[in-house]
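Each ligand, and each atom within it, is numbered from 1 in the order the structure gives.
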Amino acid sequence: MKTVRTQVAIIGAGPAGLVLGQILHRNGIESIILEERDRAYVERRLRAGVLEQGSADLLRELGVGERMDREKLVHHGVHLQFEGERHRIDLSGLTGGKSITVYGQHEIVKDLIAARLAQGGPLRFEVRDVQLHDLASERPRVTVRDADEPHEITCDFIAGCDGSHGVSLPSAPAGHFTTFERSYPFSWLGILASVPPSLDELVYAWHERGFALHSMRSPTITRLYVQCPAEDSIEAWPDERIWAELQARLAMSDGWQLLEGPILEKGIARIRSHVTEPMSCGRMYLAGDAAHIVPPTGAKGMNLALHDVRVLGSAMTSWYRTGDQRELEQYSATCLRRVWRAEHFSWWMTSMLHRLPSDDPFGAKLQLAQMRYLCRSSAAATSFAENYVGFEHA
Ligand code: APR
Ligand code: PHB
């Protein structure tokens, strides 16, 4: 079997793995990125699209923010909608000028892959049978089938950036990790439509029929979501039904109209929360969705992934430069503080905005009281805004 040596083996070419590769490269540390899908699949995979200020700044610092800065949409506020009225939360005014950047995750992935390949950095797509070995030793190994050839990679560290169905998490000895989970009894049906956004900011809408979200990807592409029963399949949702539900849930009493257009893509995703502790096992470090999942309501998933690898990249750099292990030892605790803040915020927003047919009327009254409070009290709105735009990096 052919053996290759590197410093860091990175499993997964999503935002976490690719950004980590970029941080390490800029600090003179070698890595190999192993991805099981092909390039086209990874570059097209439709995901989130809201970057906190700190995430957009990180991409710029890493030299991959140029196209983002040309094509992004900057938003200074978001809207909460209920009972046919819309209320704007002034994110920038409440957070000393911070904003959010709307730019699709798959566009970020494209930019990162292009940068990686231009640097000649090893990035292998369509690898098979990734297996991790000797995590507790100082020379962990990864075995992989690449173009049907078995290979072995020896390294100093493994970064498990392989998402929620990856191989890294199950590679630890039984009982090493503790998992904290909450599932919600609903899904989100998301569409991408070829139509200009009907409003230039995001709208989070509470409605008796269930939650709806108006978002966007560009001046000509709208991204919309409706809450649906957890077990629904996409076949139950022909285009007319999706638009009818969006029209009902986003309707305003002032006659504002949601614009409709051809649906380019549609899909259903389960809503859940999941945290694995600690975020490391010997010389393997988990980052991004491999370690934690948040409900999309707070738009935190990609931002947490980028925060993890910023901390991990810095910790590995300190270790290589000076032999200092302290940042690596603190990696899990440092990241988990932010992860749990985001879990709480995402759970709170999810609980405030979603309805179930079985919910009691008391619950609806509490949700509405909470939303009215957010729109009237600058203390409550400031708390929302600082969570939404994201805290300074640790
Ligand atoms: N071997 C190699 N690659 C793998 C394996 C495996 N066994 N299992 C999964 N992968 C790859 C996936 O194909 C994917 O490209 O790991 C990558 C993980 O990427 P993401 O799922 O995008 O996760 P992450 O980089 O942590 O980014 C988090 O993604 O799900 C969204 O909301 C989430 O925006 C957040 C972001
Ligand atoms: C999106 O544009 O896909 C999006 C925006 C905000 C969210 C979730 C998803 O909270």
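In this structure, Asn27 contributes its side chain and Ile23 its backbone to a donor-acceptor pair below 3.5 Å. Using a distance-only test at 3.5 Å, with no hydrogens or angles considered, no donor-acceptor pair links the side chain of Arg283 to the main chain of Ser137. Remark: side-chain polar atoms of Lys300 are paired, donor with acceptor, to backbone N or O of Asn387 under 3.5 angstrom.
Listed by number with element, the atoms of ligand 2 under 4.0 angstrom from any heavy atom of Val50 are 5 (C), 6 (C). Close contacts of ligand 2 with Pro296, meaning ligand atoms under 4.0 Å from a residue heavy atom, involve 7 (C), 8 (C), 10 (O). Of all atoms in ligand 1, numbered sequentially from 1 with element shown, those under 4.0 Å from a heavy atom of Gly288 are 26 (O). Close approach to Leu202 involves these atoms of ligand 2, each under 4.0 Å from a residue heavy atom: 5 (C), 6 (C). The contact set between ligand 1 and Arg37, taken as ligand atoms under 4.0 Å from a residue heavy atom, comprises 13 (O). Numbered from 1 in the order shown, with element, the atoms of ligand 2 that lie under 4.0 Å from a heavy atom of Tyr204 read 6 (C), 7 (C), 10 (O). Every atom of ligand 1 is numbered from 1 in the order shown, and the set under 4.0 Å from a heavy atom of Arg45 is 12 (C), 13 (O), 14 (C), 15 (O). Of all atoms in ligand 1, listed by their number and element, those nearer than 4.0 Å to a heavy atom of Val167 are 7 (N). Residue contact check: Gly166 has heavy atoms under 4.0 Å from atoms 8 (N) of ligand 1.
For the pair Gly163 and ligand 1, the shortest N or O to N or O distance does not fall below 3.5 Å. Ligand 1 has an N or O atom lying under 3.5 Å from an N or O atom of Met302, backbone or side chain. The shortest N/O to N/O separation between Ser215 and ligand 2 falls below 3.5 Å. The distance criterion of under 3.5 Å between nitrogen or oxygen atoms is met by Thr297 with respect to ligand 2. The shortest N or O to N or O distance between Leu213 and ligand 2 is not under 3.5 Å.
Scanning the protein heavy atoms around atom 13 (O) of ligand 1, the nearest turns out to be Glu35 OE2, 2.6 Å. Of the protein's heavy atoms, Gly301 CA, 3.9 Å lies nearest to atom 32 (O) of ligand 1. Protein heavy atom at the shortest distance from atom 19 (O) of ligand 1 is Gly14 CA, 3.4 Å. Regarding atom 34 (O) of ligand 1, its nearest protein heavy-atom neighbour is Gln105 OE1, 2.5 Å. Looking at atom 26 (O) of ligand 1, its nearest protein heavy atom turns out to be Asp289 N, 2.8 Å. Looking only at heavy atoms of the protein, atom 3 (N) of ligand 1 is closest to Glu36 N, 3.2 Å. Of the protein's non-hydrogen atoms, Asp162 O, 3.1 Å is the one closest to atom 9 (C) of ligand 1. Ranking the protein heavy atoms by distance from atom 29 (O) of ligand 1 puts Arg47 NH1, 2.9 Å first. The nearest protein atom to atom 3 (O) of ligand 2, hydrogens excluded, is given as Tyr225 OH, 2.6 Å; this is a heavy-atom distance.
By the 4.0 Å heavy-atom criterion, Val102 is excluded from the residues contacting ligand 2.
Rounding to the nearest 0.5 Å places CD1 of Ile100 at 9.0 Å from OG of Ser92. Expressed to the nearest 0.5 Å, how far CG of Leu34 lies from CD1 of Ile10 amounts to 9.0 Å.
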Show every donor-acceptor pair shorter than 3.5 Å between a side-chain atom in residues 369-380 and any protein atom, with sequence neighbours excluded, or say none if there are none.
from   : atom 1 : to     : atom 2 : distance (Å)
Arg372 : NH2    : Glu83  : OE1    : 3.2
Ser377 : OG     : Ala379 : N      : 3.2
Ser377 : OG     : Ala380 : N      : 2.9

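Between Glu245 and Arg241 no salt bridge is recorded (no basic side-chain N to carboxylate O distance below 4.0 Å). In this structure, Glu201 pairs ionically with Arg88, as a charged nitrogen and a carboxylate oxygen lie closer than 4.0 Å. Under 4.0 Å is where a charged nitrogen must lie from a carboxylate oxygen, and between Lys266 and Asp239 at least one such pair does. A salt bridge does not link Glu152 to Lys2: none of the charged side-chain nitrogens sits closer than 4.0 Å to a carboxylate oxygen. Using a cutoff of 4.0 Å between basic side-chain nitrogens and carboxylate oxygens, Arg5 and Asp156 are scored as salt-bridged.
The aromatic rings of Phe345 and Tyr388 sit perpendicular to each other, their planes meeting at more than 60°, with 30° as the lower class boundary. Classification of the His354-Trp188 ring pair by plane angle, with boundaries at 30° and 60°, yields parallel.
At a 4.0 Å heavy-atom cut-off, ligand 1 touches Val130 through the side chain alone. Only the backbone of Cys161 comes within 4.0 Å of ligand 1, counting heavy atoms alone; no side-chain atom from C-beta on gets that close. Only backbone heavy atoms of Leu34 (N, CA, C or O) come within less than 4.0 Å of ligand 1; its side chain stays farther off.
For Arg86 and Trp256, the positive end sits near the middle of the six-membered ring, less than 6.0 Å away and at most 45° from its axis.
Partners of Arg67 according to the salt bridge (Lys or Arg N to Asp or Glu O under 4.0 Å) rule, which considers only residues two or more places apart in sequence or in another chain, are Glu71, Glu107, Asp111.
Between Tyr204 and His214, the distance separating the two ring centers is not shorter than 6.0 angstrom.
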